[in-house]
Amino acid sequence: MHMCTCTKGHSVAVVETRTSKERPGQLDVYLEGNTSWKEIEEFIQQKKELGTEFRLSISPIWFPRHISELDRFANKVLECGRELKSDHPGFTDQNYRERRRIFADIAINHKHGKPIPNVEYTDIEINTWGVVFAELNKLYPTHACKEHNAVFPLLVKDCGYSKDHIPQLQTVSDFMKALSGFQLRPVAGLLSPRDFLAGLAFRVFHSTQYIRHHSKPLYTPEPDVCHELLGHVPMLCDPNFAQFSQEIGLASLGAPDEYIQKLSHLYWFTIEFGLCKQDGEVRAYGAGLLSSFGELQYCLTSIPKVEPLDPFKAAVKEYPITEYQPFYFLAESFTDAKEKISLFSKTIPRPVLIRYNEISESIEDAPCV
């Protein structure tokens, strides 16, 4: 790695130099540093005045360009993981805390291309899963969208979903990848919005492997394996929904911080708490609804307010995180939602256009004109 200095003394690291595929005989240089895009442009101009030829396409915000680069941040969780907050139901339970440390170590040590280790869940953990599984299965036929209900029997048949068995992440990941191209990667806790959304761009869903505390089986202050496997996985098995999810991830790559916040709000009101219209009726497709027995019932009542999906409104709308949502957005279809997300993503200012190459599992970019 080589260092150079910009106009105000800030350092820039040359993290990679590649032979250009688009300009034979020239190099593509990838930089990182604690400087601004404007200062880099000034630095390039100075070099040009000295006779150095620069033709660089530089993104001011680093983002992964190959699926393996998710390794760089997958273990940088914001909270939970090995440690619990004092108001967590399992905070004073030493056995539960030790189990959480075991799950965290699996996630932190995981690398791309390696299988996710199987875990042996305890009887208490299986019983907790069983309560959640049984209660939600009563509601799915009448409250969940048809995509969720279509794939759920296949998860029972091929991945071992049942009241008495918690499926292993690798088994589920292989099944999901065969259907939609998405795969699971273990994570110890909550990632930053930017890092989590970046995973979606590569069709990777960062999934927890631990389970909520047994004292409150129908409540969790954080995502857990019930939320992931019962809420997210069935939906990510559907190709149309998977494309919709990836679209939000692609929109995040290279986006300024204020747009990452907007995209995280959009994610909340769609992938986590979205409603859709099917055969003239409203159904739930958001994982936060599909994994919550109470809110799955509540969301289809006349109590909350429901409006047609508008990404520009959803991106700036605030929401509560410790109570049922007072407001939901209704999508006409996943195809319609994907098109609306695409239109929204075109308003995000960034110096490169993003393309995903599914064969190489990499991001290709070109300068915006």
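FYI, side chains are in, hydrogens and waters are out, and symmetry mates aren't considered; it's all heavy atoms of this structure. All values reported here derive from a predicted model rather than from experimental measurement.
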For Asp158, salt bridge (Lys or Arg N to Asp or Glu O under 4.0 Å) partners two or more places apart: none
Tell me, do Thr220 and Ile211 make a side-chain contact under 4.5 Å, heavy atoms counted? no
Roughly how far, to the nearest 0.5 Å, is the NZ atom of Lys338 from the CZ atom of Phe241? 13.5 Å
Residue set satisfying side-chain contact (heavy atoms from CB on, under 4.5 Å) with Gln297, at least two apart, ordered chain then number -> Leu139, Phe293
For residues Gln170 and Asp174, is any side-chain donor paired with an opposing acceptor at under 3.5 Å? yes
Closest non-hydrogen atom pair, Ser173 against Gln183: OG-CB, 3.3 Å
Let me confirm one number: the CG-CZ distance from Leu330 to Phe269, rounded to the nearest 0.5 Å. 14.0 Å
Think Lys313 forms a cation-pi with Phe329, using NZ or CZ under 6.0 Å from the six-ring centre and within 45 degrees of its axis? no
Result for side-chain hydrogen bond (donor to acceptor under 3.5 Å, both in side chains) between Gln325 and one of Trp268, Tyr298, Tyr319 points to Trp268
Modelled atom types, side-chain donor and acceptor of Ser192 and Asp195, under 3.5 Å: yes
Would you say the side-chain atoms of His227 and Ser291 include a donor-acceptor pair closer than 3.5 Å? yes
Has Asp123 got more than 12 heavy atoms of other residues, nucleotides or ligands less than 6.0 Å from its CG? no
